[in-house]
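Here the structure is laid out as structure tokens; the discussion comes afterwards.
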Amino acid sequence: MAEIVAGFVGPAIEVVKWVGAPIIRQFNYLCCFTTNITTLKQEAQKLDDAAAGLQGQIDRARDNVQVIVPQVETWLTTSKDIKNEMDEILNKVSNAEIGCLKLRDRFSLSKRAKKTTDLMIEHRGQCKFDAISQPGPPPATRAVPIGMVYEFESRKQIEEDIMTALRGRDVNMIGICGMGGLGKTTMAKRIMNRALEELVFDEVVMTVVSQQVDTLKIQLEIGGSLGLDLKHETSQANRTQKLHNRLSGMKRILLVLDDVWKSLELEDLGIPSDGKGCTVLLTSRNSDELSSMNIENVFRMQVLSEEDSWFLFRERADTCVDDAKLNSLAKQVVKECMGLPIALTTVGAALKGEKSGSIWKDALRQLRHWDPDIPNFIAKVYNPLRLSYNALDSKHAKFVFLLCCLFREDSEIELYYLTYFCMGLGIFDGGITNLEEARNRMCTLTKMLKSRSLLLDSEYGNDLVRMHDVVRDVCIFIAKQEGYIGDKNCNWISSYHIPTSCRLGFLNLHLLFLSGIANSAEKEIKLDSAFLEVIRGLHVLFIEHHSLTSLPQSLKNLKTLVLHFCQELETISVVGECVNLEILICSHCYRIKMLPPEIKGLSRLKLLDLTGCISLQRIDRGIISSLVGLEELKMLLSFSKWEASDRKERENAKLRELEALTNLRCLEIEIDDLALAAENIHLSSKLDRFDIEIHDLKPSWSLPQFSSNKVSLLWDGETHLGEWIKMLLRRDVECLNLNGNGANINLELAKSEKIRWLRLGECENMKRIVTTSMDDDHPLFPSVECLELFALPELEEIWDAPISSTSFQNLKNLSLTRLPALKQFWKSSTNIPLLTNLSRIDIYGCPRLRNLEQLSIAGHDCLSQLRILHIDRCEMMELVFLWNKQEDENITKMFPKLEDVGLSCLPNLATFYQGIGGVEFPLLNTLCIRECPKFTSFVSTTNQNNSEDDDQCHYDDSSRLIFQLSKLSFKELETNLNPFFGHKFNVSSFNELEKLRVYKYQGIMCLFTSSIAGNLVNLRELIIWECYEMVKVIEDDDNCEEEKIVSGGEIRRTLVFPKLQELKLKNLDKLVSFCKWKCDIELPSLKIVKIKECPNMKFFTLGPLTTPKLEEIELRSVPNLTTFSQGIGDVDQCYYHDNSHLFCQLSKASFKKLETDLNPFCAHKFHVSSFNELEMLTVYKYQGSMCLFTSSIAGNLVNLRELIILECYEMVKVIEDEGNDEKEKAVSSGGEIRRTLVFPKLQELRLRNLGKLGSFCEWKCEVELPSLKEVEIKKCPSMNFFTLGPITTPNLKSVEINNEDFGGAKDLNVVMQRHLAQPKEGGKENQEEMVE
């Protein structure tokens, strides 16, 4: 019986569990209502924190010109949707008293809350991305900096000739030749900038080839400029192929190879030599080398004319040459410079302001002196440059000039290295006692050399200089003359002046300079024992990017040792023998794990730099304290395991050892133990430069580069700060980063005149940074230029008391991030700081901030310098700026310098500016409005006499709304605001607009009026997507200004977009056309058109359309599109007015998912030459067409390289005979005339899923495919032959039919017959599968 009961009860229990679980779950929705709502709020806060953290990373990525990956944008969008669902639930809960909720509503809301909570938890777990961004637009799309450029009449013609040649479609290589110093590089840069400006090329790239060709360097520089990352590609073959593919793409690229010395194999570098996609401009001193590369267009640069020479010389020498006593001598000097720009500038600089006739006569004598030993390639520039060298008053300046020839041609030369070389060689006299004085002296010397044009400024910073390659050549010759380099008695050896393996006895060698290139295959100098044994007298050793594994034993006289990126080096213990060593730099040597004890003996050491030695974990106690002469200690991104004084175990260095360094002037260290901040140590009183980072974990933030004295402290507020930290904070700290609950500012810090950059964050109890307890008479933060406040959950205002009007007087950048309690900037209405230098404001995640009214109330000058304003995720913000006082004539100039405005995720924002009277934005060039559903007007003005008129209220005197916009973006707007209406804005308001992107812009049926459209003269890019109500892009307002007379005297209106290059229309459900009235539309610069998912689009325009430069067109899912232009009058006759210009430059076309009768490849609708530049054609799901080409069009596809046709189920043949082929030839003895169809460049042909296709060409003609290499035919069951006539395919390498490989068969008709003759497995079923 028990067994029977057990057999029944067990299953019954399982049934109850199975049935009861859902019942219990439903019951819990009622019982756990309050818990579910509370949990929902908690998880929402966690999701907000995750989104805020991600948004912070996005902002930093965008600041670094990175592009955010779509997955991240999708995650944020989904977060917003989940948040909206939560808001709807909580709103319903808050709108009803809990006890009054109906049982059904209580159940429903609890269930939704539980499911939304689960969704939040799951979604938050997905907030993990390998990368949130990718590199932004490459430098190749930006202008090239040139520096000071003079306009020379004698150079204008050659510049115009080069530009004319570049505009020619058949030119793929151009050369500029001429002797060194003529200005070839400057000319090339001018050409690059003009090519971009005049839209001749899409991208421009320059790389310097130099005398020693470094393939890796050239490839990396070209790839980097084009946004192609080749750094991690170890195979040269792969690098070459990737670069070749990038340069052969659809964009037109101008590649400048500067300073070419010998003939180059471009293909070996990855540069296409056939001109496909890339035009190469080379500069060289030798025209023969250019000729050997088969460059026909070589332009020879000549010297400057007499007038231009005098103009340039006078600019450099100043007005002293106008003196009657000197004018004749000056003109003779100019004559001796022979029209060479580099000679004129250097000699002019050497004689600048000189009024003594004797000195001018001596200069003339030197210029006329001739030395037969001077090499030919510098003969003409030697005397002028030698004169400039001789004119240097300082022997130290001459020495530094000669030192610069050691560095690689066209390299950036660091002043620090020059300083250390001079110290090691004992160049500086006894007056220089420390490193700081030596650096100051070097700055003076290099400034002197730059003023004489012997050195050039660097684009990358004030601590770098450059040397012109011609000047370097002369410098090397002078250095050889004076015995510094060249033979076994020389003083210096550089990587670039000796063979790759050397066994000479360098008895007088004092400096060895060996510099490689990262990841380069260039052969290194062999540092074997036989070579190193002969350099016992060496004073300076510089080794960079070398596979050195150990140092030699014979360096006892060494004073300066620089080891930079020697990544194989594991130990430097032998430096302990270098008792005279003063400079030891061992930076970015990743394998060094320990600082050897032998270093203790280096009592003369002044600089120890271990920056970037990321594996360095061990420094024995006593080593640091023994280096009593140390002036600078640099260890960032390196050793951080400092130990406390009370630690008994004998392990790593104690922090207190720094006390022994009484001469220390610069200290850069990391400390990973917060407890060490409490140490009572006394740093050197001479310390004036420092960078101290104290943190338990590596921080995610980074510090700015401008500041020299930095303290970054992750502080909990409980750990006691030692006197040494307080001393640094009190003295000269310029960059202060305080994080954690200890991030509070006291009055002493607030009054500091040294702090320029202040960042406070992650403090849970901070309510304001300036409190009533602080003195209100003294200016607070008087020198702060950048203020960043982030993750301060309790911060309500920045200050709550009256403070001096000169407080924050130098503030330029203000960043407020994740401040949920912030309501206002200040509480007091008196003693308001003026903030007259504020130039940038970034606000993110401040949900309670309603506006920035306080900044506008502070006075017009408060915003007079504002250039950038970005506001994101401020849920309660309704407007940005408000002016409700009496109208002031200065109000219109409130924003005189505002350039960039970004407004994102502001659900209640209605307007940017609201006030009495109009306002102007004369420099505004970038405007982005994203996810602002209530935004209705950019400027909402109120008439002082009558503010009830709504239209007048929002756009009073609209002509005063002046813009210089170059970039405009609207995203996810649900509003009737449309700024492109002439009756609200001046038609010229947008004439500087270059880029316009409109996304999810609801509530508008069109974008432009014709008046506004006619003034978009600089528009280059127009992208519109997901604007579901838009019917047309341009609406006629009968105010088009341009008219033209056509045949018959008819006057026709014309709409021109002169610079529009790219047009994209996507997901526009109701769009019928781009332009719906009859006018001529001219798009002379248009290159790319993409129209996708526009199901109701029927035509592009009713009038004629001109697109002479169109290169790429893509149509996808536009089933009702039957024509681009319906012409004037009879549609069939005027289908395309002047249609030869519509597609004449088209190089890439793609038609996808079309169900229409539109077929652009029909001769009766297009001129036969319309597609003669077409290179790539893809046709996919193109229904309604039985053939693709007429024979006339096909015969003119002379550049077609790739043809792909997929899933066009109605297509019967690819080419239809029109009987108009021009090419015929006589064959056979009877003289029979046979027509011929030629595709001269077609390389790839793919036909797939074409159920009705019978043949490629079904009439008798000869088909010649001389370049065809690959053919693929799949699932074309009706295809019985390729063509009825003979076919020629001499280069065919691969034929595949239904996955069957026929190798390199030459006759496609024979292959088709062989394929059809083979038995098919599966019979009828197989055929049905093929059709399917």
Side-chain angles (χ1 to χ4, degrees), residues 415-443 539-540 558-562 572 575-576 578-587 595-611 619-636 638-639 642 645 653-671 676 679-692 708-711 722-734 754:
L415 299 191
Y416 282 179
Y417 289 151
L418 292 175
T419 303
Y420 303 150
F421 293 172
C422 287
M423 291 184 66
L425 296 171
I427 301 304
F428 295 137
D429 52 37
I432 304 294
T433 59
N434 57 55
L435 288 171
E436 189 66 26
E437 292 175 355
R439 288 201 190 94
N440 293 338
R441 179 64 176 152
M442 184 56 63
C443 288
H539 291 168
V540 177
L558 204 62
K559 292 184 178 181
T560 295
L561 174 60
V562 179
I572 54 171
V575 301
C578 307
V579 293
N580 295 312
L581 197 64
E582 295 181 348
I583 308 295
L584 175 55
I585 299 176
C586 186
S587 59
L595 194 64
E598 290 84 352
I599 288 182
K600 284 184 178 182
L602 304 181
S603 58
R604 298 185 180 182
L605 195 65
K606 297 178 182 293
L607 169 64
L608 176 60
D609 187 345
L610 301 171
T611 301
I619 299 179
D620 286 346
R621 293 183 180 178
I623 293 180
I624 298 297
S625 58
S626 67
L627 305 176
V628 293
L630 209 59
E631 296 177 14
E632 299 186 8
L633 177 62
K634 300 181 179 183
M635 303 175 69
L636 292 178
S638 182
F639 178 78
W642 297 90
S645 304
K654 294 182 179 180
L655 191 63
R656 186 175 293 278
E657 291 186 45
L658 297 175
E659 290 183 328
L661 308 181
T662 57
N663 293 308
L664 198 64
R665 292 177 177 271
C666 174
L667 177 63
E668 297 177 3
I669 58 172
E670 290 184 36
I671 303 171
L676 291 178
E679 288 274 294
N680 287 317
I681 62 175
H682 301 282
L683 297 178
S684 168
S685 59
K686 298 178 182 179
L687 188 67
D688 57 13
R689 288 186 294 118
F690 51 85
D691 188 341
I692 312 295
S708 58
N709 291 341
K710 308 173 189 175
V711 172
E723 188 59 33
W724 71 286
I725 288 289
K726 294 179 181 179
M727 181 270 293
L728 294 178
L729 296 178
R730 279 196 301 264
R731 285 176 53 186
D732 297 325
V733 63
E734 296 181 14
K754 298 289 186 179

Enter the distance from [X]:[atom1] to [Y]:[atom2] here, rounded to the nearest 0.5 Å.
{"X": "L605", "Y": "E631", "atom1": "CG", "atom2": "CD", "answer": "10.0 Å"}
{"X": "K710", "Y": "D691", "atom1": "NZ", "atom2": "CG", "answer": "5.0 Å"}
{"X": "M423", "Y": "E582", "atom1": "CE", "atom2": "CD", "answer": "5.0 Å"}
{"X": "L676", "Y": "R656", "atom1": "CG", "atom2": "CZ", "answer": "10.5 Å"}
{"X": "I599", "Y": "C578", "atom1": "CD1", "atom2": "SG", "answer": "10.0 Å"}
{"X": "N709", "Y": "L728", "atom1": "CG", "atom2": "CG", "answer": "8.5 Å"}

Original post:
Would L561 and I583 count as a side chain to side chain contact (heavy atoms under 4.5 Å, CB included) if you check the C-alpha gap in whole Å, the side-chain angles of each, and the deciding distance to 0.1 Å?
Top reply: CA-CA 6 Å; L561 174 60; I583 308 295; over 6 Å; no

Original post:
What's the verdict on side chain to side chain contact (heavy atoms under 4.5 Å, CB included) for L683 and M727, showing C-alpha distance, side-chain angles and the deciding distance?
Top reply: CA-CA 9 Å; L683 297 178; M727 181 270 293; 4.1 Å; yes

Subject >> For F639, the option from L610, I619, I669, L595 that meets side-chain contact (heavy atoms from CB on, under 4.5 Å) >> reply: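 Of the listed residues L610, I619, I669, L595, the side-chain contact (heavy atoms from CB on, under 4.5 Å) partner of F639 is I619.
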
Subject >> M442: which of Y416, Y420, F428 passes side-chain contact (heavy atoms from CB on, under 4.5 Å) >> reply: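 Only match with M442 under side-chain contact (heavy atoms from CB on, under 4.5 Å): F428.
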
Side-chain heavy atoms of [X] within contact of [Y], under 4.5 Å:
{"X": "R665", "Y": "S684", "answer": "no"}
{"X": "F421", "Y": "I427", "answer": "no"}
{"X": "L729", "Y": "V711", "answer": "yes"}
{"X": "L630", "Y": "K606", "answer": "no"}
{"X": "L655", "Y": "I671", "answer": "yes"}
{"X": "T611", "Y": "S638", "answer": "no"}

Original post:
Under the 3.5 angstrom rule, does the side chain of E657 hit a backbone N or O of G622 as a donor-acceptor pair?
Top reply: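 Yes.
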
Testing the basics here: between [X] and [Y], what is the closest heavy-atom pair and its distance to 0.1 Å?
{"X": "L627", "Y": "L661", "answer": "O-CD2, 3.0 Å"}
{"X": "A653", "Y": "I624", "answer": "CB-CG1, 4.4 Å"}
{"X": "L664", "Y": "L633", "answer": "CD1-N, 4.0 Å"}
{"X": "S625", "Y": "A660", "answer": "O-CB, 3.5 Å"}
{"X": "T560", "Y": "L581", "answer": "N-CD1, 3.9 Å"}
{"X": "G424", "Y": "H539", "answer": "O-CB, 3.5 Å"}

**OP:** Apply the test side chain to side chain contact (heavy atoms under 4.5 Å, CB included) to residues W642 and M635: give CA-CA distance (whole Å), side-chain angles for both, the deciding distance (0.1 Å), then the verdict.
**Re:** CA-CA 12 Å; W642 297 90; M635 303 175 69; 4.0 Å; yes

Is it true that [X] and [Y] make a salt bridge, defined as a side-chain N closer than 4.0 Å to a carboxylate O?
{"X": "R689", "Y": "E632", "answer": "yes"}
{"X": "E598", "Y": "K600", "answer": "no"}
{"X": "K654", "Y": "E659", "answer": "no"}

Let me have the donor-acceptor pairs involving side chains of residues 430-437, under 3.5 Å, with sequence neighbours excluded, atom names and distances please.
{"from": "T433", "atom 1": "OG1", "to": "E437", "atom 2": "OE1", "distance (Å)": "2.9"}
{"from": "T433", "atom 1": "OG1", "to": "E437", "atom 2": "OE2", "distance (Å)": "3.4"}
{"from": "N434", "atom 1": "OD1", "to": "E436", "atom 2": "N", "distance (Å)": "3.1"}
{"from": "N434", "atom 1": "OD1", "to": "E437", "atom 2": "N", "distance (Å)": "2.8"}
{"from": "E437", "atom 1": "OE1", "to": "T433", "atom 2": "N", "distance (Å)": "2.8"}

**OP:** Test E723 against E679 for side chain to side chain contact (heavy atoms under 4.5 Å, CB included), laying out the working first.
**Re:** CA-CA 8 Å; E723 188 59 33; E679 288 274 294; over 6 Å; no

**OP:** Determine whether the side chains of N580 and R604 contain a donor N or O and an acceptor N or O closer than 3.5 Å.
**Re:**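 Result is yes, a qualifying pair exists.
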
